[in-house]
Amino acid sequence: MIPEADHEYFEIEYITINWSDILIQNKDTYYVYIYSLTCTHCQELKNSIIEEALSRNDIYFVKGSNKDVVKNDVSYTIGATDVENIAILGYPTLLKISNKTLVQNIAGNSKIIDTLK
């Protein structure tokens with residue numbers, strides 16, 4: 001994932017969803033990228049993740065807020081079928097959803113890039 005251009009989040013507004021909608025998209029399998037505008041790591045990944053999202057149709061974005069549940073351990077979230085049972089390690093986070101169930105919950109730029117390859 002090497003960015004070809006400078007991108008801005010307004011380019012992906014049409015695939016930006018609310019936290020409450022993480023598990024209810026109309027696809028069998030997809031990713032949800034959760035970011036914060038004030039996160040240095042998110043800024044480093046911004047061009048690459050937007051470039052990737054624009055080239056495929058299975059990535060949604062959630063802009064982080066102070067309502068996001070951040071925990072030190074998210075292993076218990078795997079298998080979640082209710083958004084109330086989802087937490088993240090921090091920003092950026094990539095969730096993989098399959099059949100309305102959380103199957104991957106990863107944080108960190110290199111892990112996110114590796115997952116989307």
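The model shown is predicted, which means the values in this text are computed figures rather than measured ones.
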Visitor: Would you please test F61 and Y35 for side-chain contact (heavy atoms from CB on, under 4.5 Å) and show each step?
Guide: CA-CA 8 Å; F61 289 74; Y35 69 97; 4.0 Å; yes
Visitor: Just distance, no hydrogens or angles: give the donor-acceptor pairs under 3.5 Å from side chains in residues 19-27, sequence neighbours left out.
Guide:
from : atom 1 : to  : atom 2 : distance (Å)
Q25  : NE2    : D21 : O      : 3.0
K27  : NZ     : N57 : O      : 3.2

Visitor: Should the heavy atoms of other residues, nucleotides or ligands under 6.0 Å from NZ of K100 be counted, would the total exceed 12?
Guide: yes
Visitor: Name all residues meeting the side chain to side chain donor-acceptor pair (under 3.5 Å) criterion together with D58; count only those two or more places apart in sequence or in a different chain, and write none if there are none.
Guide: R56
Visitor: With side chain to side chain contact (heavy atoms under 4.5 Å, CB included) as the test, pick out the partner of I50 among I59, I15, I12.
Guide: I12
Visitor: Just list the side-chain donor-acceptor pairs under 3.5 Å for residues 88-97, sequence neighbours left out, or say none.
Guide:
from : atom 1 : to  : atom 2 : distance (Å)
Y91  : OH     : S65 : O      : 3.3
Y91  : OH     : D68 : OD2    : 2.6
T93  : OG1    : G90 : O      : 2.5

Visitor: Between V70 and V62, is there a shared hydrophobic cluster once you connect ILVMFWY residues whose side-chain heavy atoms come closer than 4.5 Å?
Guide: yes
Visitor: Which side-chain N or O atoms in residues 39-46 pair as donor and acceptor under 3.5 Å with protein atoms at least two apart or in another chain?
Guide:
from : atom 1 : to  : atom 2 : distance (Å)
Q43  : NE2    : L37 : O      : 3.2
K46  : NZ     : H7  : O      : 3.3
K46  : NZ     : E8  : OE1    : 3.2
K46  : NZ     : E8  : OE2    : 3.4

Visitor: In chain order, what residues pass the side chain to side chain donor-acceptor pair (under 3.5 Å) check against S98, with sequence neighbours excluded?
Guide: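 Side chain to side chain donor-acceptor pair (under 3.5 Å) list for S98, sorted by chain: T29.
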Visitor: Under the side chain to side chain donor-acceptor pair (under 3.5 Å) definition, can you give me all pairs with a residue in residues 71-84, not counting sequence neighbours?
Guide: D73-S75, T77-N105
Visitor: Is there a path of hydrophobic side-chain contacts, each under 4.5 Å between heavy atoms of I/L/V/M/F/W/Y residues, joining I17 to I49?
Guide: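 In one cluster: yes.
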Visitor: Any sub-3.5 Å donor-acceptor pair from T101's side-chain atoms to N99's backbone N or O?
Guide: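 Such a contact is found between T101 side chain and N99 backbone.
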Visitor: Which heavy-atom pair separates A80 from I86 by the least distance, and what is that distance?
Guide: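 What the structure gives for the nearest pair is CB-CG1, 4.0 Å.
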Visitor: Y31: which residues meet the ring pair (Phe, Tyr, Trp, His ring centres under 6.0 Å) condition with it, sequence neighbours left out?
Guide: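 In terms of ring pair (Phe, Tyr, Trp, His ring centres under 6.0 Å), with neighbours along the sequence ignored, Y31 is linked to no residue.
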Visitor: Y30 and Y14: same hydrophobic cluster, using ILVMFWY side-chain contacts below 4.5 Å?
Guide: yes
Visitor: Tell me whether D114 is salt-bridged to K111, with the criterion being a basic N under 4.0 Å from an acidic carboxylate O.
Guide: no
Visitor: Roughly how far apart are L116 CG and Y33 OH, rounded to 0.5 Å?
Guide: 10.0 Å
